[in-house]
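Inspection log for the structure reproduced underneath, given as structure tokens.
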Amino acid sequence: DTQMEMVASHMRTAFSVPGDRPYSCSGYPSEPFLAEAASRQMYHYMKNSTRYSATRMISILKKNLDDGLINLGQKGEVVMRVLLRNAYINAIVAEQADEIPAYHEPNFSKGCSFLQFLKALFTDELYTSILDAKPHNGVDQRALEDAFKDAVVRFTHFVKVVDDSAVSTNAMVSGFLRGSAFICCNYQKVIDIIIPVLLDKRDKLEESSMSALLIQVNRRK
């Protein structure tokens, strides 16, 4: 049937099949190797596009949104994920520019500096303002630039979660290991997307070393 054809030819994963095979359980779980391959293909496509790459990707997305592929409530989150992925790709390319031969693709699973990611995500003016930002609570009153100077982000794909378990440092460790960011569950009212952040690239990967970039997506009024 269609499900087994997807398993056989379209990278779908079979989770379980009973002995008499009346049905099967399958799906598309987080797959780091496939996500890295997709990232490299996207980079290659954007790099060799005859039009400006960001405009090209947005044009493709707009066409599918206009055709009704995605419902209205999810459109903002999809656009945000495109912006985040483009920023991550650009940050990786900038950091690895002097490390890789011109004929090789960057290694997107390697991760990049959190500050480099923010620089790729925002305009220069906003980026400068963000670097000077200080927390409104807590004892540590260092500016963001100082507090996160050794922080790292690492995400090649997004994973949709079905409950609020992703809002935890334990989930951040798992997400960072697999190179995934999280799309929050439908009833999560405050946060839409979570990107794991390792606070210091020299630290052991554990809960006490993790933080997160929490993102809320709202339609412009």
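Worth saying up front: this structure is predicted, and the values here are computed from it rather than measured.
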Rounded to the nearest 0.5 Å, what separates atom [atom1] in [X] from atom [atom2] in [Y]?
{"X": "Glu77", "Y": "Ile215", "atom1": "CD", "atom2": "CD1", "answer": "10.5 Å"}
{"X": "Leu34", "Y": "Ser39", "atom1": "CG", "atom2": "OG", "answer": "9.5 Å"}
{"X": "Asp163", "Y": "Asn186", "atom1": "CG", "atom2": "CG", "answer": "11.5 Å"}
{"X": "Phe176", "Y": "Leu205", "atom1": "CZ", "atom2": "CG", "answer": "6.5 Å"}
{"X": "Ile92", "Y": "Ser109", "atom1": "CD1", "atom2": "OG", "answer": "8.5 Å"}
{"X": "Thr13", "Y": "Met11", "atom1": "OG1", "atom2": "CE", "answer": "7.5 Å"}

Under 4.5 Å between side-chain heavy atoms, counting indirect links through other Ile/Leu/Val/Met/Phe/Trp/Tyr residues: same cluster for [X] and [Y] or not?
{"X": "Leu84", "Y": "Val217", "answer": "yes"}
{"X": "Leu213", "Y": "Leu198", "answer": "no"}
{"X": "Ile195", "Y": "Ile183", "answer": "yes"}
{"X": "Phe158", "Y": "Tyr43", "answer": "yes"}

Q) Relative to each other, are the rings of Phe155 and Phe117 parallel, tilted or perpendicular (30° and 60° limits)? A)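 Rings of Phe155 and Phe117: perpendicular, as their planes differ by over 60°.
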
**Q.** Flag for Glu125-Thr123: side-chain donor and acceptor within less than 3.5 Å
**A.**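 No - no donor-acceptor pair under 3.5 Å links their side chains.
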
**Q.** Worked check of side-chain contact (heavy atoms from CB on, under 4.5 Å) between Ser209 and Asp200
**A.** CA-CA 7 Å; Ser209 304; Asp200 192 324; over 6 Å; no

Q. Would you call Glu145 and Lys149 a salt bridge, using N to O less than 4.0 angstrom?
A.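 A salt bridge is absent here (no side-chain N lies under 4.0 Å from a carboxylate O).
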
Q | Audit row: Ile194, Val161, side-chain contact (heavy atoms from CB on, under 4.5 Å) steps and yes/no | A | CA-CA 11 Å; Ile194 305 175; Val161 297; over 6 Å; no

**Q.** Residue pair Phe182 / Ile193, side-chain heavy-atom distance below 4.5 Å
**A.**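 When only atoms from C-beta onward are counted, Ile193 and Phe182 do not touch, as no gap falls below 4.5 Å.
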
Q. How far apart are the closest heavy atoms of Thr156 and Glu36, and which atoms are they?
A.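 Where Thr156 meets Glu36 most closely, the heavy atoms are CG2-OE1, 3.9 Å.
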
